[in-house]
Amino acid sequence: MAKTIADWRRMKEAGEKIVVLTAYDAPMARLLHESGVDILLVGDSLGNVVLGYDSTVPVTMAQMLHHSAAVRRGAPEAFVVTDMPFGSYQCGHRQAVANAILLMKESGCDAVKLEGGAEVAPLVERMTTAGVPVMGHIGLTPQTASLLGGYRVQGRDLPAAEKLLASARALQDAGVFAITLECVPKELAAILSNQIKPPIIGIGAGNGCDGQVLVCSDMFGLYEKFAPKFVKRYANLAPLMRDAASQYVREVRSGHYPDDEHSFTAATDYQSLSGT
Ligand code: KIV
């Protein structure tokens with residue numbers, strides 16, 4: 001049966017971990033859903049791991065719509081959250097709510113995620129009031145990483161930790177159904193998870209969170225450019241794919257592929273064609 005946001009709240013209350021992975025296309029969405037992943041996140045990490053950008057900043061609404069719709073087609077029964085890309089929610093509440101609704105209507109996702117703490121709480125309230133389920137995202141927020149001094153651990157000192165807790169509370173009061181918490185010390189993440197009612201989904205935030213999220217290309221070892229400390233590679237697919245491609249290159253060049261096993265045979269001798 002398809003899951004709803006009530007299931008995530010119930011899982012937190014029951015102490016069951018919520019498992020989230022990113023997905024960007026239909027076959028990956030199908031595979032991850034069949035593996036028992038609870039939530040598929042169409043992350044704007046799409047910019048880095050699929051589209052070849054150096055950051056998530058260039059990602060557009062059109063790209064998020066395109067990939068989110070593919071994920072929905074690949075896993076019609078999955079709970080799909082789609083990232084609002086940078087620029088789609090910073091230019092006024094009206095436009096932001098319209099963009100969130102567009103993502104839901106056109107891609108079929110179940111919810112949206114947006115980055116920011118207390119400063120985005122009034123916007124989150126507008127969205128949830130309009131009927132859009134919202135996941136927050138605090139700690140390291142990649143869309144504004146340059147303002148944070150780069151991709152670094154957040155909330156290390158007490159004032160920064162207090163600010164994060166205040167942000168989580170503001171998002172909770174604004175009606176988020178869950179919060180992604182990225183790159184914070186595990187002790188702080190555990191405190192937030194205990195004090196905040198919506199599930200806290202950690203990434204680089206230790207084991208005390210209510211759930212975990214990873215970028216699928218990182219955990220499959222498909223994205224070799226950079227791997228943060230918190231990424232565990234559950235597979236190392238890039239060398240396997242490179243080997244397979246090299247073997248194909250060799251076999252095509254040497255004429256070993258396609259062999260008879262991978263070719264069709266004629267039901268006729270095509271005699272009338274031979275003289276032409
Ligand atoms: O875009 C993304 O993949 C994300 C995860 C890092 C949580 O926001």
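Read the numbers this way: they start at 1 and go in the same order the structure lists the ligands and their atoms.
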*asked:* Assess whether a salt bridge exists between R30 and E77, defined as any Lys/Arg side-chain N lying under 4.0 Å from an Asp/Glu carboxylate O.
replied: yes
*Are side-chain N/O atoms of Q63 and Y53 paired as donor and acceptor at under 3.5 Å?*
yes
*Among pairs that include at least one residue of residues 199-215, which meet side-chain hydrogen bond (donor to acceptor under 3.5 Å, both in side chains), considering only residues two or more places apart or in two chains?*
K12-D210
*Do any pairs count as a side-chain hydrogen bond (donor to acceptor under 3.5 Å, both in side chains) and have a residue in residues 84-108, sequence neighbours left out, and if so which ones?*
S68-S107, Y89-Q143
*Which pairs, with at least one residue in residues 184-201 and sequence neighbours excluded, count as a side-chain hydrogen bond (donor to acceptor under 3.5 Å, both in side chains)?*
R169-Q195
Are there any N/O pairs under 3.5 Å between ligand 1 and the protein, and if so, what are their distances?
residue: ligand 1; atom: 1 (O); partner: D44; partner atom: N; Å: 3.1
residue: ligand 1; atom: 1 (O); partner: D44; partner atom: OD1; Å: 3.0
residue: ligand 1; atom: 1 (O); partner: S45; partner atom: N; Å: 3.0
residue: ligand 1; atom: 1 (O); partner: S45; partner atom: OG; Å: 3.3
residue: ligand 1; atom: 1 (O); partner: D83; partner atom: OD2; Å: 3.1
residue: ligand 1; atom: 3 (O); partner: S45; partner atom: OG; Å: 2.5
residue: ligand 1; atom: 8 (O); partner: K113; partner atom: NZ; Å: 2.8

*Would V20 end up clustered with Y24 when hydrophobic side chains under 4.5 Å apart are linked, directly or stepwise?*
yes
